Amino acid sequence: MWKCLVSTLVVPVRRQNTHNMRLILQMHTISWELYAKKLVLPKQEVNMAQIINGNDMAQDIRKSLRNELLQFVAAGHREPHLTAIIVGEDPASKTYVEKKVLACKEIGISSKTIVLPKTTTQEELLRLIDEENKNENVNGLLVQLPVPEHIDERTTCNAISADKDVDGFNEINIGRLALDMQCIVPATPLGVKTMLQRSNIQTFGRNVVVVGRSKNVSLPLAIILHSDGNHAAKGMDATVTICHRNTPAKELAKHCRQADILVVAVGKPGLITKDMVKPGACVIDVGISRIQDEAGKFKLVGDVDFDEVRQVAGHITPVPGGVGPMTVAMLMQNTILAAKNQTANRTD
């Protein structure tokens with residue numbers, strides 16, 4: 001390119017006398033900076049992914065639930081009640097429960113939070129759960145996870161009555177979900193499902209990769225995504241691949257690049273980078289971690305390198321403001337569903 005430019009200037013010059021040379025040079029008094037500018041191609045605009053705003057979506061759902069609840073109460077039923085139990089003084093657990101309590105208040109669900117000391121024994125916790133199970137005024141019951149190490153999580157979740165298990169962690173609800181039966185679906189997977197549906201993300205026959213294999217989020221989500229949409233659980237008919245900590249890095253990247261929908265839920269900041277994402281894919285970031293930036297300030301981030309991945313993805317959820325608010329909204333939905341089911345069972 002530069003040789004061509006030089007020749008257009010030099011070749012005619014050799015054929016002219018000194019006077020003509022000056023004239024030609026005057027005609028071409030364009031600085032090399034301007035030539036350089038002409039050679040630089042216009043900067044291509046990057047098509048940023050559409051952000052799936054969990055805050056806005058959850059707000060719309062809470063409004064709908066509020067109207068649904070008003071009709072339920074107007075029909076002569078009492079307002080639903082949710083009891084949340086916290087074992088220990090974990091700040092994150094308290095924050096999560098506070099958000100759930102605020103959502104209850106907004107929608108019209110009564111709630112109670114029971115905070116137990118970290119020294120609470122397994123037997124003491126199970127006795128309390130049994131009391132709440134037998135309390136007919138309690139429609140929804142949850143134990144905020146994680147629990148202290150001396151308390152068995154699975155035993156705790158299974159102790160909660162399946163019809164009051166608004167977290168959807170009881171083995172009965174998980175088993176019914178796996179068998180495509182009606183059940184209370186875990187709140188976070190249900191939130192992801194709802195986000196995909198409300199964002200018009202097609203799942204039928206699409207390739208989905210779930211990174212993570214937790215029994216409370218990733219596994220039930222994989223079940224929802226792959227199961228038959230014609231059955232009672234209303235699955236999403238996708239082809240699902242599950243990756244986890246033992247998936248080699250190269251294989252993880254390969255699987256992720258094949259995903260039309262990529263869901264990440266491992267709690268490892270920046271795990272998913274731009275080169276691991278298929279152009280136009282929908283990226284759902286369930287992970288959330290608290291990290292310290294260069295300025296020493298703490299912030300919440302997900303498992304996805306948001307700023308980079310947003311340049312190639314078609315849709316993406318932010319952290320915070322993505323899956324988190326939807327999880328709380330789905331918990332409210334599950335509480336109302338539990339209340340309705342219990343009311344129906346009492347009248348049968």
Side-chain angles (χ1 to χ4, degrees), residues 51-69 79-116 118 132 138-148 153 156-157 160 164-169 184-195 198 214 216-217 220-221 265 267 269 284-291 297-303 306 317-339:
I51 295 177
I52 302 177
N53 192 317
N55 282 325
D56 291 346
M57 197 175 290
Q59 185 177 25
D60 290 340
I61 292 172
R62 291 196 303 272
K63 288 180 180 178
S64 297
L65 292 176
R66 172 62 178 168
N67 293 331
E68 180 181 342
L69 194 55
E79 63 182 16
H81 177 86
L82 172 65
T83 294
I85 301 172
I86 304 176
V87 184
E89 301 294 329
D90 181 58
S93 293
K94 285 190 173 183
T95 299
Y96 294 147
V97 171
E98 285 172 1
K99 290 180 180 179
K100 295 169 184 178
V101 170
L102 288 174
C104 284
K105 186 176 181 180
E106 177 185 350
I107 294 170
I109 298 172
S110 67
S111 65
K112 176 177 66 174
T113 301
I114 302 173
V115 181
L116 302 175
K118 186 177 180 179
E132 296 297 310
V138 175
N139 303 108
L141 175 61
L142 66 87
V143 175
Q144 183 64 42
L145 302 179
V147 289
E153 180 179 304
T156 300
C157 292
I160 297 173
K164 296 186 178 185
D165 172 36
V166 289
D167 267 338
F169 295 161
I184 298 178
V185 180
T188 297
L190 183 57
V192 172
K193 176 184 179 181
T194 304
M195 295 180 91
R198 284 179 166 246
S214 71
N216 296 335
V217 177
L221 180 56
I284 306 294
D285 193 350
V286 184
I288 185 166
S289 302
R290 186 170 180 261
I291 65 170
K297 295 182 179 180
F298 287 95
K299 63 178 181 179
L300 296 177
V301 298
D303 294 339
F306 181 84
T317 61
V319 176
V323 177
M326 288 296 292
T327 296
V328 176
M330 294 301 98
L331 180 69
M332 301 299 104
Q333 181 173 299
N334 282 349
T335 302
I336 294 174
L337 173 62

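Predicted model only: the values in this text are computed from it and were never measured. By convention here, the first residue in the shown sequence is residue 1.
When all heavy atoms are compared, the tightest approach of A265 to V286 is CB-CB, 3.6 Å. G54 approaches M195 most closely through the heavy-atom pair CA-CE, 4.0 Å. Scanning both residues, I51 and P318, for their nearest heavy atoms gives CG2-CD, 3.7 Å. Smallest separation of non-hydrogen atoms from A103 and V328: CB-CG1, 3.6 Å. Between A58 and A329, the closest heavy-atom pair is CB-CB, 4.1 Å. A338 approaches I184 most closely through the heavy-atom pair CB-CD1, 4.3 Å.
We find the CE-NZ distance between M330 and K193 to be 10.5 Å, quoted to the nearest 0.5 Å. Remark: I109 CD1 to L82 CG distance equals 7.0 Å, nearest 0.5 Å. Within the model, atoms CD of E98 and CD1 of I86 stand 8.0 Å from one another, a figure rounded to the nearest 0.5 Å. Taking NZ of K100 as the reference point, atom OG1 of T95 lies at 11.5 Å (rounded to 0.5 Å). Interatomic distance, I284 CD1 to T188 OG1, rounded to the nearest 0.5 Å: 12.5 Å. With rounding to the nearest 0.5 angstrom, the CG atom of L142 is 14.0 Å from the OH atom of Y96.
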Review point. Between V115 and E89, is a side chain to side chain contact (heavy atoms under 4.5 Å, CB included) present by the stated rule, with each step listed?
Key: CA-CA 8 Å; V115 181; E89 301 294 329; 4.1 Å; yes
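No side-chain heavy atom of T194 sits under 4.5 Å from any side-chain heavy atom of Q333. Contact annotation: the side chain of M326 approaches that of I61 to within less than 4.5 Å [non-hydrogen atoms, C-beta and beyond]. A heavy-atom distance below 4.5 Å is found between the side chains of I107 and I336. Residues L141 and T83 are in side-chain contact: their nearest non-hydrogen atoms beyond the backbone lie under 4.5 Å apart.
When atom types are taken as modelled, the side chain of K164 and the backbone of V138 share a donor-acceptor pair closer than 3.5 angstrom. Panel note: side chain D165, backbone C157; no donor-acceptor pair is recorded below 3.5 Å. At distances below 3.5 Å, at least one donor-acceptor pair connects side-chain atoms of S110 with backbone N or O atoms of P80. T317 contributes a side-chain N or O that, together with a main-chain N or O of D285, makes up a donor-acceptor pair within less than 3.5 Å.
Exactly one residue among V87, L145, V143 makes a side chain to side chain contact (heavy atoms under 4.5 Å, CB included) with T156. That residue is V143.
S93 and Q144 share no side-chain donor-acceptor pair at under 3.5 Å.
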